[in-house]
Amino acid sequence: MTIRIYNTLSGKREPLKTLEPGHIKLYVCGITSYDYCHIGHARSALAFDMIVRYLRYRDYKVTYVRNFTDIDDKIIARAKEQNCSSDELAKRFIDEFYIDMDKLGIDRPDIEPKATDHIAEMTEIIGELIDKGIAYQAGNDVYYVVDRFPEYGKLSGRNLEEMKAGARIAVNEQKHNPMDFVLWKGSKPGEPTWDSPWGPGRPGWHIECSAMSRKYLGTTFDMHGGGKDLIFPHHENEIAQSEAANGKPFVTTWVHHGFVTIRDEKMSKSLGNFLTIRDILFHYHPEILRFFVFSTQYRNPLDFSESAMQDAASGLERLYKCVAGVEDLDPDSGVEEAQTVLIDGDKIKIGSMEERFQNAMDNDFNTAQAQGIFFDSVKAINRSVKNLPTTPARTDIVFLKSGVTTLKKLADIMGLLREDARDFLTAIKQQLLSEITIDETVINTMIAERNQCRIDKNWVRSDEIRDELLANNIELKDGPTGTEWTVKKS
RNA sequence: GGCGGCGUAGCCAAGUGGCUAAGGCAGUGGUCUGCAAAACCAUUAUUCAGCGGUUCGACUCCGCUCGCCGCCUCCA
């Protein structure tokens, strides 16, 4: 099977092709660091983390570059508000970004260039564009001549005439054409500034990525990613800059992920409807957020809500409970001579898990379908464990344990089931416990009293205690090894 | 207005023209249990926004209508 990926450039799912056999060069647009990251940023980082991990699992070598935009109008404005330098502000939020990424268990890309470290590479490209007559200096700024790039609009499916007609961009006297975009901005007093052949200034946003991708991945590379909102103008402009400067195709496959929405509206700072990553991680285990993010295919919108997070938590718990159950099985309790009790249908489901997972993931990284396969396999594993006799066949135990090993290996590609199952279930319990009023020692005292009542067959009092605990969101579970309790989700 | 996407059960969500429309959450019935809970079993879409068309056959392709969303300005 080959991996098929939706390419924004062609509008179709295409078999993955690489310029060098077995090697994928990937560039992803990272954050502009001027504030804490919200869940939308988390989705972006998670999506490409999953993609890179899957490609590596499929034996591709991946060179993954993700940049930081650390110079930009918003950074300058925010730094002014906070009375610090834009450099300090950008550095601070890069540190905060790493804190969030580490908590989410996201691997670092291979290369993480910062815009301010690559000014020379940017002025070099701008110079090349000016030499080719594709850029012009106007006042202290340098602009790109959109009319000189005939393929402008090929990524976003627009044409220049329509865009000019509907242009909503503020009129800028300096520009020859309203669609021309800035490559170099002359500096205003008090702004960070770098020297250039066109006077002191700073780079425009789009040129960063053209310069840094060329430095680290070459003039033509395999894959470029980002959010759907970057298709126009950012990625369109990158193509225009890079292809005009290099005279070569820029990127083979463009990968764009969907937004996180709240009540079906895009999460954004201007609407004020965003939640930061740390807001979420305050209430939920990081794997719950990951599970939630991967419950939908990466290109579709993902609507955030408390109830969706609760559903995700319940689902993930189900997976962990299965793992815990199988890990509790003692291989020494199995005997060679016992007959298998596994039914064929379950054996097939468990045995084909990896192949089915690959089919789902090969189809444009369909994590939603892949999660379905996890659950389908878990159902088969749970059913098999349930049917195990007191002296089970050793082969059955070995088979189920290998099923769980496979499950964990595959789930790890989405960053799931990385924790020890018992620890995870305990951590979830503690998290929920911290949000209610009852104390753990009180619970244990009440359980002890209830168990005495149960021995005495005082069912009335025993049920009273259980109801009391339930009123405090504590649910009891009487098992062969004693009474366990869980915090009921409200 | 231009361009793009989406509309599948109470909610979420797969489904790359053809075997019984995955899976999760929630619900209901059963097994287990003193009763519960968990787990397991069973069950929940004659139907895929609506209407036409292509086809031997369409949730899947085409057209129109309705509804929602995004981009066109910084944006993951």
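Quick note on labels: first sequence line is chain A, next is B, and so on, each numbered from 1.
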(request) Determine the Euclidean distance between corresponding P atoms of rA26(B) and rA39(B); express it in Å to zero decimal places. (result) 9 Å
(message) What's the separation between atom CG in L183(A) and atom CG in D180(A), rounded to the nearest 0.5 Å?
(response) 9.5 Å
(request) Counting heavy atoms from C-beta on, name the nucleotide in rC40(B), rG23(B), rG2(B) closest to the side chain of D376(A). (result) rG23(B)
(request) Take atom P in rC56(B) and the same atom in rA42(B), then report the distance between them in whole Å. (result) 40 Å
(message) Given rA14(B), rA76(B), rU16(B), identify the nucleotide with an atom nearest to the side chain of H257(A).
(response) rA76(B)
(message) Students often get this wrong, so: under 4.0 angstrom with heavy atoms, is Q297(A) touching a base, only sugar-phosphate, or nothing?
(response) sugar-phosphate
(message) Without decimals, in angstroms, what is the distance between L469(A) CG and rA38(B) C1'?
(response) 17 Å
(request) Calculate the interatomic distance between E306(A) atom CD and rA26(B) atom C1'; express it in whole Å. (result) 17 Å
(request) When you get a sec, tell me which of rA13(B), rC41(B), rA38(B) is the closest nucleotide to the side chain of R383(A)? (result) rC41(B)
(request) Using the P atom on both, measure rC66(B) against rA13(B) and round to a whole Å. (result) 25 Å
(message) Within the 4.5 Å heavy-atom criterion, are I5(A) and R13(A) side-chain neighbours or not?
(response) no
(message) Just to be sure I understand the rule, does I231(A) reach a base, reach only the sugar-phosphate, or reach nothing, if contact means heavy atoms closer than 4.0 Å?
(response) nothing
(message) Judged by each residue's nearest nucleotide on RNA chain B, which is more toward the 5′ side, V460(A) or M267(A)?
(response) V460(A)
(message) Can you tell me which nucleotide in rC71(B), rA13(B), rA76(B) comes closest to the side chain of V260(A)?
(response) rA76(B)
(request) Quickly work out the L470(A) CG to rA38(B) C1' distance and round it to whole Å. (result) 14 Å
(message) For a quick check of understanding: with a heavy-atom distance under 4.0 Å over all strands, which category does L230(A) fall into, base, sugar-phosphate or nothing?
(response) sugar-phosphate
(request) Any chance you could encode RNA chain B as dot-bracket? Rule is Watson-Crick or G-U wobble with both distances under 3.5 Å; [ ] for pairs crossing earlier ones, | for another strand. (result) (((((((..(((.....[....))).(((((.......))))).....(((((..]....))))))))))))....
(request) To the nearest Å, give me how far apart CG (N300(A)) and P (rA76(B)) are. (result) 20 Å
(message) Quick check for you: among rC11(B), rA38(B), rC72(B), whose closest atom lies nearest to any side-chain atom of D311(A)?
(response) rC11(B)
(request) Considering only atom P, compute the distance from rG29(B) to rG5(B) and round it to an integer number of Å. (result) 45 Å
(message) Quick check for you: among rA76(B), rA26(B), rA14(B), whose closest atom lies nearest to any side-chain atom of A368(A)?
(response) rA14(B)
(request) Could you work out the separation of rC69(B) and rU8(B) based on their P atoms and round it to a whole Å? (result) 15 Å
(request) Check step by step if side-chain contact (heavy atoms from CB on, under 4.5 Å) holds for F93(A) and I75(A). (result) CA-CA 10 Å; F93(A) 283 107; I75(A) 296 173; over 6 Å; no
(request) Would you mind classifying the nucleic acid contact of S295(A) as base, sugar-phosphate or nothing, using non-hydrogen atoms under 4.0 angstrom? (result) sugar-phosphate
(request) Verify the contact: side-chain N or O of N359(A) to OP1 or OP2 of rU16(B), cut-off strictly under 4.0 Å; return yes or no. (result) no
(message) For a quick check of understanding: with a heavy-atom distance under 4.0 Å over all strands, which category does K228(A) fall into, base, sugar-phosphate or nothing?
(response) nothing
(message) Measure CG/D303(A) against P/rG70(B) and give the value in whole Å, please.
(response) 11 Å
(request) Using a 4.0 Å heavy-atom cut-off across all strands, classify D72(A) as base, sugar-phosphate, or nothing. (result) nothing
(message) Please report the distance separating the C1' of rU46(B) from the corresponding atom of rA9(B), rounded so that it comes out in whole Å.
(response) 14 Å
(message) We want to know whether T276(A) and D279(A) form a side-chain donor-acceptor pair, criterion being a heavy-atom distance below 3.5 angstrom.
(response) yes
(message) Looking only at the side chain of E475(A) (C-beta and beyond, no hydrogens), which of the listed nucleotides rA14(B), rA76(B), rA37(B) gets closest?
(response) rA37(B)
(request) Answer yes or no: is there an ion pair linking K401(A) with D396(A), defined by an N-O contact shorter than 4.0 Å? (result) no
(request) Choose from rC35(B), rA39(B), rA76(B) the nucleotide whose nearest atom is closest to any side-chain atom of R450(A). (result) rC35(B)
(request) Whole angstrom is fine here: how far is it from NZ in K321(A) over to P in rG24(B)? (result) 14 Å
(message) Can you tell me if N382(A) touches the phosphate of rC40(B), counting only side-chain N or O atoms and a distance under 4.0 Å to OP1 or OP2?
(response) yes
(request) Go through rA76(B), rA36(B), rC40(B) for me and flag the one nearest to the R318(A) side chain. (result) rC40(B)
(request) Taking only Lys NZ, Arg NE, NH1 and NH2, and the carboxylate oxygens of Asp or Glu, determine whether E484(A) and K429(A) approach each other closer than 4.0 Å. (result) no
(request) State whether a side-chain donor-acceptor pair under 3.5 Å links N451(A) with T483(A). (result) yes
(message) Just the rounded figure in Å: distance from C1' of rG23(B) to CZ of F374(A).
(response) 12 Å
(request) Mark yes or no for a side-chain to base donor-acceptor pair under 3.5 Å between D229(A) and rC72(B), with no hydrogen or angle criteria applied. (result) no
(message) By the 4.0 Å heavy-atom rule, please label H38(A) as base, sugar-phosphate, or nothing.
(response) base
(message) Can you tell me if F375(A) is stacked onto the base of rG24(B), using a 5.5 Å centroid cut-off and an angle below 30°?
(response) no
(message) Work out how far the C1' atom of rU20(B) is from that of rC59(B), and round it to whole angstrom.
(response) 16 Å
(request) Give a yes or no on whether K409(A) atom NZ has more than 12 heavy-atom contacts from other residues, nucleotides or ligands under 6.0 Å away. (result) yes
(message) What contact category does R466(A) fall into here, base, sugar-phosphate, or nothing, at under 4.0 angstrom with non-hydrogen atoms?
(response) base
(request) Could you state the atom-to-atom distance from CZ of F304(A) to P of rC69(B) in whole Å? (result) 20 Å
(request) Using a heavy-atom cut-off of under 4.0 Å over every strand shown, decide if G40(A) touches base, sugar-phosphate, or nothing. (result) base
(request) Please work out if S156(A) contacts a base, only the sugar-phosphate, or nothing of the nucleic acid, heavy-atom cut-off 4.0 Å. (result) sugar-phosphate
(message) For rU16(B) and K12(A) - does any side-chain N or O of the residue sit under 4.0 Å from the phosphate oxygens OP1/OP2?
(response) no
(message) Please tell me whether F292(A) and Y284(A) form a close aromatic pair, meaning their ring centres lie under 6.0 Å apart.
(response) no
(request) Identify, between P301(A) and Y6(A), the residue whose nearest nucleotide on RNA chain B lies closer to the 5' end. (result) Y6(A)
(message) So, under a plain 3.5 Å distance rule, would you say the side chain of N159(A) forms a donor-acceptor pair with the base of rG2(B)?
(response) no
(message) Using atom P in both nucleotides, what's the gap between rC11(B) and rG53(B) to the nearest angstrom?
(response) 31 Å
(request) Show your reasoning for whether salt bridge (charged side-chain N to carboxylate O under 4.0 Å, His left out) applies to K114(A) and D70(A). (result) CA-CA 6 Å; K114(A) 294 188 182 82; D70(A) 60 347; 6.0 Å; no
(request) Verify the distance criterion only: is there a donor paired with an acceptor across the side chains of D72(A) and T32(A) at less than 3.5 Å? (result) no
(request) Could you point out which residue of E354(A), E327(A), E419(A) forms a salt bridge (charged side-chain N to carboxylate O under 4.0 Å, His left out) with K408(A)? (result) E327(A)
(request) Tell me which nucleotide among rG70(B), rA37(B), rA39(B) gets nearest to the side chain of K477(A). (result) rA37(B)
